[in-house]
Trainee: 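The structure under discussion is supplied below as structure tokens; questions concerning it will follow.
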Amino acid sequence: MASRNAPPASEGRGYLKNAWYVAAWADEVTGEDLVARTICELPVLLYRKGDGQAVAIGDLCPHRFAPLHRGRRRGDDVQCMYHGMVFGAGGACVLNPHHGGVISPAMKVPAYPLVERGPLLWIWTGDPACADAALIPDFGCYTARGFRTVRGVMDTAANYELITDNLLDLTHADFLHEGTLSSEAITISKLETMVEGSSVWANRWCPDGEVPPVWRQLLERMGMDPDQKVDHWLYMRWDAPGHLLLDVGLAPVGRPREEGYWVFTGHHLTPVDARRTLYRWSVVRNHAIDDPEVDAFWQASIDYAFAVQDKPMIEAQQAALGTRDIETLRPVAIPADVSGGRARQVLARLIAGEKKGHIARPGETPLDQLLARSAMSASPVLPVV
């Protein structure tokens, strides 16, 4: 018999359960608010206790499955407004106003491990005994001194693996992102794909090329020559099940990154269900960190590139696929697909391995060491991730 709290059957191969997902930006959960989220088809309630600690419990009362987010706070507990049962931050019922106050063992909701790290709330959807905060992918740039972050959330009607494919194949920039991130140098650059643990690297080095349009605007704003030739780099790290960090920038040909401009962009893909994803993105920069106009520049640039250019195409792709997984259709492959294919293989292996107790473990080797082992890059700007 299926568990009351088990998610419904999914299209495709399902989800990696013993893994960390992003439940929310930390500032999405404030004060006395009860915040509802669906994560891998699991109904989740997020809120903060009186001491500020964020918690995550199941959002459906086990009595008549009324949403607890429609309830009210009673201190650090939550009361279901249908029949009055009260549930604590650990998921157990602490008050039953019926049947003489008897609380059966079944009167509880799941309690999910939740870790607040920098601007993110990370949730573990699998066996709580396996939750290890050391397995959270490294996004230390979010809290590093001397950096400033702008960020957003994009609700996308597509499977999260289609978004992963998009991010690990940046050759689409010259076509889908014409006028923003487009660059022929990306299209003709060589791709380096490396796998370590449950991490996949997709790295591109684009020397001696034209400045892409968005970067051209930034150089003009910062007083640099936008017509000069530049070395452009894009080093992307993917961590299962759906977290990506891109180290991207440009510098005058043959010069170090310190003489150009660069950013980190973070991408956190949280499946709602098989055909919907909450996509949280960020841009982390070390230039003009006190300039609100540069904040607005990056916010507008990424909003346009993602929401106006990427999102409609990915959603149209999902609509065309319907309930079918793209891999079952045997798509024609090009070299740019290699990194996305590796990520899909790693994820499939991890999902299959959960029955044997296998858990995703991010790679630990710094990117500069990984690049040093590669023969394909020609004098790349050393990364700092």
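Fair warning: this is a prediction, and the values are worked out from it, not measured in the lab.
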Trainee: To the nearest 0.5 Å, what is the distance between CD (Glu220) and CE (Met224)?
Mentor: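 Here the interatomic distance stands at 12.0 Å.
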Trainee: Looking only at heavy atoms, which two atoms of Asp155 and Lys311 are closest? And how far apart?
Mentor: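 Smallest heavy-atom distance, with atoms named: O-NZ, 2.7 Å.
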Trainee: Does any non-hydrogen side-chain atom of Glu32 lie less than 4.5 Å from one of Arg48?
Mentor: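 No - every pair of side-chain heavy atoms lies 4.5 Å or more apart.
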Trainee: What are the two closest non-hydrogen atoms of Phe87 and Pro62, and how far apart are they?
Mentor: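 Phe87 and Pro62 have their closest heavy atoms at CZ-CD, 3.5 Å.
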Trainee: Using side-chain heavy atoms (C-beta onward) and a distance below 4.5 Å, is Leu16 in contact with Glu354?
Mentor: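 Heavy-atom side-chain distance check passes, below 4.5 Å.
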Trainee: Distance alone, cut at 3.5 Å: any donor-acceptor contact between the side chains of Tyr304 and Thr180?
Mentor: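 No, Thr180 and Tyr304 have no side-chain donor paired with an acceptor closer than 3.5 Å.
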Trainee: Regarding Lys17 and Asp127, does a basic nitrogen lie under 4.0 Å from an acidic carboxylate oxygen?
Mentor: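 No, this pair does not count.
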Trainee: Any side-chain donor-acceptor pair under 3.5 Å between Arg204 and Ser189?
Mentor: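 Looking only at side-chain atoms, Ser189 and Arg204 do form a donor-acceptor pair, the distance falling under 3.5 Å.
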Trainee: Any chance the side chains of Glu210 and Ser183 put a donor and an acceptor closer than 3.5 Å?
Mentor: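 No donor-acceptor contact under 3.5 Å links the two side chains.
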Trainee: When you look at Asp290 and Arg148, which way does the salt bridge (charged side-chain N to carboxylate O under 4.0 Å, His left out) test go after all the steps?
Mentor: CA-CA 8 Å; Asp290 297 320; Arg148 183 169 179 84; 5.7 Å; no
Trainee: Please determine whether a side-chain nitrogen of the Lys or Arg among Asp231 and Arg255 lies less than 4.0 Å from a carboxylate oxygen of the Asp or Glu.
Mentor: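 Salt bridge absent between Asp231 and Arg255.
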Trainee: Is there a donor-acceptor contact under 3.5 Å linking the side chains of His268 and Thr270?
Mentor: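 No, because no side-chain N or O of His268 sits under 3.5 Å from a partner of the opposite role on Thr270.
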Trainee: Side chains of Gln318 and Arg275: do they bring a donor and an acceptor to under 3.5 Å?
Mentor: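 No, no side-chain donor-acceptor contact under 3.5 Å.
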Trainee: Going by an N to O cut-off under 4.0 Å, is there a salt bridge joining Glu196 and Arg361?
Mentor: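 Between Arg361 and Glu196 there is no salt bridge, as every charged N stays at least 4.0 Å from the carboxylate O atoms.
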Trainee: Between Ser339 and Trp201, does the side chain to side chain contact (heavy atoms under 4.5 Å, CB included) criterion hold? Intermediate values first, please.
Mentor: CA-CA 7 Å; Ser339 300; Trp201 292 96; over 6 Å; no
Trainee: Distance check, rounded to the nearest 0.5 Å: Asp337 atom CG versus Leu168 atom CG?
Mentor: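 Reported to 0.5 Å precision, the distance equals 10.5 Å.
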Trainee: Within the supplied structure, the quantity of interest is the number of heavy atoms (other residues, nucleotides, ligands) at a distance under 6.0 Å from Arg221 CZ; does it exceed 12?
Mentor: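 More than 12 heavy atoms, drawn from other residues, nucleotides or ligands, come within 6.0 Å of this atom.
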Trainee: For side chain to side chain contact (heavy atoms under 4.5 Å, CB included), just list the numbers for Trp205 and Lys190, CA-CA rounded to whole Å, side-chain angles, deciding distance to a tenth of an Å, and then say yes or no.
Mentor: CA-CA 7 Å; Trp205 174 243; Lys190 291 183 178 180; over 6 Å; no
Trainee: Is it true that atom CD of Glu178 has more than 12 heavy atoms of other residues, nucleotides or ligands lying nearer than 6.0 Å?
Mentor: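 Check fails, neighbour count at 12 or below.
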Trainee: For residues Met222 and Val263: do they belong to one hydrophobic cluster (side chain heavy atoms under 4.5 Å, members Ile, Leu, Val, Met, Phe, Trp, Tyr)?
Mentor: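 Yes, Met222 and Val263 fall within the same hydrophobic cluster.
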Trainee: Indicate yes or no: at least one non-hydrogen side-chain atom of Val22 is less than 4.5 angstrom from one of Trp122.
Mentor: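 They are in side-chain contact.
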Trainee: Flag the pair Val55 / Leu46 as yes when at least one side-chain heavy-atom distance between them is below 4.5 Å, and no otherwise.
Mentor: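 Of all side-chain heavy-atom pairs linking Leu46 with Val55, none is under 4.5 Å.
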Trainee: If you count the non-hydrogen atoms of other residues, nucleotides and ligands that lie under 6.0 Å from CE in Met313, is the total more than 12?
Mentor: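 Count not over threshold, so no.
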Trainee: Is a side-chain donor or acceptor of Gln299 paired with a backbone partner of Val150 at a separation under 3.5 angstrom?
Mentor: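 No: the side chain of Gln299 does not pair with the backbone of Val150.
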Trainee: On a heavy-atom basis, which atom in Ala36 and which in His69 lie closest, and how many Å separate them?
Mentor: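 Looking at all heavy atoms of both residues, the shortest contact is CB-ND1, 3.4 Å.
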Trainee: With a 3.5 Å cut-off and no angle check, do the side chains of Ser199 and Asp239 form a donor-acceptor pair?
Mentor: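 Result is yes, a qualifying pair exists.
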Trainee: Rounded to the nearest 0.5 Å, what separates atom OG1 in Thr156 from atom CD1 in Ile163?
Mentor: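 Between Thr156 OG1 and Ile163 CD1, I get 4.5 Å after rounding to 0.5 Å.
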Trainee: Do Trp215 and Trp298 pass the ring-ring contact (aromatic ring centres under 6.0 Å, His included) test, and can you show the C-alpha distance, the side-chain angles, and the key distance before you say yes or no?
Mentor: CA-CA 10 Å; Trp215 291 97; Trp298 280 115; 5.4 Å; yes
Trainee: Quick one, Ser282 and Phe264 - any side-chain contact, counting heavy atoms below 4.5 Å?
Mentor: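 When only atoms from C-beta onward are counted, Phe264 and Ser282 do not touch, as no gap falls below 4.5 Å.
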Trainee: With rounding to the nearest 0.5 angstrom, report the CD to SG distance, Gln79 to Cys61.
Mentor: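 Answer for the CD-SG pair, Gln79 versus Cys61, is 10.5 Å.
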Trainee: Tell me if the NE2 atom of His98 is crowded by more than 12 foreign heavy atoms within 6.0 Å.
Mentor: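 Atom NE2 in His98 is packed in, count exceeds 12.
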Trainee: With clusters defined by side-chain heavy atoms of hydrophobic residues (ILVMFWY) lying less than 4.5 Å apart, directly or transitively, does Leu244 cluster with Met154?
Mentor: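 Met154 and Leu244: one cluster.
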Trainee: Less than 4.5 Å apart, side chain to side chain, heavy atoms only: is that true for Val230 and Cys206?
Mentor: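 No, side chains not in contact.
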Trainee: What about Leu176 and Val214, same hydrophobic cluster or not, with Ile/Leu/Val/Met/Phe/Trp/Tyr joined at side-chain heavy-atom distances under 4.5 Å?
Mentor: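 No, Leu176 does not connect to Val214 through the hydrophobic network.
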Trainee: Taking the side chain as every heavy atom from C-beta outward, state whether Pro137 and Arg237 have any pair of such atoms under 4.5 Å apart.
Mentor: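 Yes, their side chains come closer than 4.5 Å.
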Trainee: Counting distance only, does the side-chain N/O of Arg330 pair as donor-acceptor with the main-chain N or O of Ile326 below 3.5 Å?
Mentor: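 Not confirmed, Arg330 side chain does not pair with Ile326 backbone.
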Trainee: Could you label the plane-to-plane angle of the His287 and Tyr261 rings as parallel, tilted or perpendicular, counting under 30° as parallel and over 60° as perpendicular?
Mentor: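 Perpendicular, since the angle between the ring planes exceeds 60°.
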Trainee: Check whether Arg37 reaches the backbone of Ile39 with its side chain - one donor and one acceptor, N or O, closer than 3.5 Å.
Mentor: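 Checking the backbone N and O of Ile39 against the side chain of Arg37, no donor-acceptor pair under 3.5 Å is found.
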Trainee: State, to 0.1 Å, how close Leu34 and Gly71 come at their nearest heavy-atom pair, and which atoms those are.
Mentor: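 Closest pair (atom of Leu34, atom of Gly71, distance): CD1-O, 3.7 Å.
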Trainee: Is the closest side-chain donor-acceptor distance between Asp310 and His177 under 3.5 Å?
Mentor: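 Looking only at side-chain atoms, His177 and Asp310 do form a donor-acceptor pair, the distance falling under 3.5 Å.
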Trainee: Would you sort out whether Val248 and Trp233 count as a side chain to side chain contact (heavy atoms under 4.5 Å, CB included), showing the intermediate values?
Mentor: CA-CA 6 Å; Val248 56; Trp233 66 91; 5.5 Å; no
Trainee: Give a yes or no on whether Leu181 and Ile186 share a hydrophobic cluster (residues Ile, Leu, Val, Met, Phe, Trp, Tyr; joining criterion: side-chain heavy atoms under 4.5 Å apart).
Mentor: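 The answer is yes; both residues are in one hydrophobic cluster.
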Trainee: Side chains of Leu347 and Pro241, heavy atoms from C-beta outward: is any pair under 4.5 Å?
Mentor: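 Yes, their side chains come closer than 4.5 Å.
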Trainee: So if I apply the salt bridge (charged side-chain N to carboxylate O under 4.0 Å, His left out) rule between Arg151 and each of Asp295, Asp303, Asp27, which one comes out positive?
Mentor: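 Of the listed residues Asp295, Asp303, Asp27, the salt bridge (charged side-chain N to carboxylate O under 4.0 Å, His left out) partner of Arg151 is Asp27.
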Trainee: With rounding to the nearest 0.5 Å, note down the distance linking OG1 in Thr171 to CG in Leu191.
Mentor: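 Atom-to-atom, Thr171:OG1 and Leu191:CG are 9.0 Å apart.
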Trainee: Can a donor-acceptor pair be found between the side chains of Trp262 and Asp247 at a distance below 3.5 Å?
Mentor: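 There is no such pair between these side chains.
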Trainee: Answer yes if the ring centres of Tyr279 and Phe306 are under 6.0 angstrom apart, and no otherwise.
Mentor: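 Close enough - the centres of the two rings lie under 6.0 Å apart.
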Trainee: Could you give the distance from CD (Glu315) to CG (Leu162), rounded to the nearest 0.5 Å?
Mentor: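 If we round to the nearest 0.5 Å, Glu315:CD and Leu162:CG are 11.0 Å apart.
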Trainee: Between His63 and Tyr82, how do the two ring planes meet: parallel, tilted or perpendicular, split at 30° and 60°?
Mentor: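 Tilted.
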Trainee: Are Leu167 and Val195 connected in the hydrophobic side-chain network, where two residues link if heavy atoms are under 4.5 Å apart?
Mentor: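 Yes, it is one cluster - the side chains of Leu167 and Val195 are joined through contacts under 4.5 Å.
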Trainee: Look at the side chain of Glu28 and the backbone N and O of Trp25, then say whether any donor-acceptor pair between them is shorter than 3.5 Å.
Mentor: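 Flag set: sc Glu28 to bb Trp25 pair under 3.5 Å.
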Trainee: Aromatic contact between Trp20 and Trp124, with the criterion being ring centroids under 6.0 Å apart: yes or no?
Mentor: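 Yes, they do, as the ring centres are separated by less than 6.0 Å.
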Trainee: Assess whether side chain to side chain contact (heavy atoms under 4.5 Å, CB included) is satisfied between Cys141 and Leu245, documenting all intermediate values.
Mentor: CA-CA 10 Å; Cys141 59; Leu245 181 65; 4.0 Å; yes
Trainee: Under 3.5 Å, is there a donor-acceptor pair linking the side chains of Tyr15 and Glu41?
Mentor: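 Glu41 and Tyr15 do have a side-chain donor-acceptor pair below 3.5 Å.
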Trainee: Do we get Arg276 above Tyr160's six-membered ring, with its NZ or CZ under 6.0 Å from the centre and within 45° of the axis?
Mentor: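 Judged by the rule, Arg276 and Tyr160 form no cation-pi pair.
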